[in-house]
Amino acid sequence: MFFPISGAHISPIYLAIVGFLIGILGGFFGVGGSFIAGPALRAVGLDWNFAVGTDLAHIVGKSVVAAKRHRALGNVDLKLGLIMALGTIGGAEVGAQLIQILKRAGNVNLVVSVVSIAAYISISTFMIWESRKTLSQNKALQRGKISGVSTKQDQSSFRHVTHSIQRLNFPPMINLPVSGVTISLWIILLVAFVGGLFSGFLGGGAGYIRMPSMVYVVGIPTHLAVGTDLFEIIISASYGTLSHAIKGNVDILIALVMNTGAAIGAQIGAISTQYFAGPKIRLAFVPLPLIGAAIVIYTLMTGHKV
Amino acid sequence: MRREAKTLERMKKETAKTLRAFLIELAIYAVLVVAYFFLVLHFLGEWLYQLEIRHRYTYGGVAILLIIGQAVVLEGLTTFLLRLLRGRSE
């Protein structure tokens, strides 16, 4: 199929399958999946600028489907998502500016690669340690299917640190009744800002940073963190799509085709979260940042984008 | 023991029913999506191409509206198909 905006010939079946796979990941983990979509689009000959911009547009569509499903399951904290969107957009702008500064200094590729590898491996290592410790401490959570309200009752070995962060009294304090958390507005904005910073700096939605941060720093239960992250991604990725579309980096026809597969995948992923306890979702999340790290290491060593 | 075996049997039947419903849904969905490729994208393609060249800001807005609109419609369609095939609320 010919896509006139980007001038690319790509099989719609390939696009729908890629969308389907990313949809499952997004629905289950609350991530955009750009570390797969970008290389997958690049692999069929799409220019990098179109791969990045089109992927963002596709993320918007997929996140709408997954967030709607999560909302129906009671997994979205709208108030938290709206506050976080503000911080994310601010962080993304600062991240993009940092990239421009590094470009002028002439060492953007090395710095971005090293930062991203360190971030990905740190997140994975921490999550392996925390989720395994939590699972071994709480054997009850390993009894298979957990349904209804009990799935929202999250356990974490890092809870004591999270509680200390929640007790920091920097007004205004924000009450989040859906998540069962009262926390300083500045901590929420800081978490969102850092996620946005990584998004602007490394590309994609940076769900691999934001979702764990929401769980470990803000203290949001894992299921709610996944759903709320998806809702927040709709706003921040829409902003990114608009920005890239104006620069001529979005082939919306490709994104629409990818979204047909993602619509089913995202529903499957979202429904699947109900069958897993929080620590198990977090443990299953671990390979995602490692895949990202592997892609960056490959790029750094070979000099070629995947 | 007999009760456990019965429960296991019921769960197996339920899983088979869910899987069958999902495969039927996937087949119906695939037919609808193929029709969508040929009808909607074919007619939209040229118009969006021209819009992208001449009116970038409008194109950006239309792109977001299209992707969100399609996502809402597809989410509704898949939910409807699931309800129709399984005969219960999803």
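In what follows, chains carry the letters A, B, and so on, assigned in the order in which the sequence lines appear, proteins first and then strands, with residues in each chain numbered from 1.
Counting only heavy atoms from C-beta outward, the side chains of A:Phe20 and A:Ile268 approach each other to under 4.5 Å. Here the side chains of A:Thr54 and A:His244 are not in contact, with every heavy-atom distance at 4.5 Å or above.
Only the backbone of A:Lys247 comes within contact range of chain B, judged by heavy atoms closer than 4.5 Å. Heavy atoms of A:Ala255 lying under 4.5 Å from chain B belong to its backbone as well as its side chain.
Checking side-chain atoms of A:Asp251 against main-chain N and O of A:Ser6 turns up a donor-acceptor pair under 3.5 Å.
By the salt bridge (charged side-chain N to carboxylate O under 4.0 Å, His left out) test, B:Arg56 is found to be paired with B:Glu52, residues two or more places apart in sequence or in another chain being considered. Remark: A:Ala16 pairs with A:Thr260 by the side-chain contact (heavy atoms from CB on, under 4.5 Å) rule, at least two apart or across chains.
Annotation: maximal heavy-atom pairing with chain A below 4.5 Å, among B:Leu48, B:Leu44, B:Val72, occurs at B:Leu48. The choice from B:Val62, B:Ile53, B:Ile64, B:Ile68 that makes the most heavy-atom pairs within less than 4.5 Å of chain A is B:Ile64. The choice from A:Ile252, A:Val65, A:Val64 that makes the most heavy-atom pairs within less than 4.5 Å of chain B is A:Ile252.
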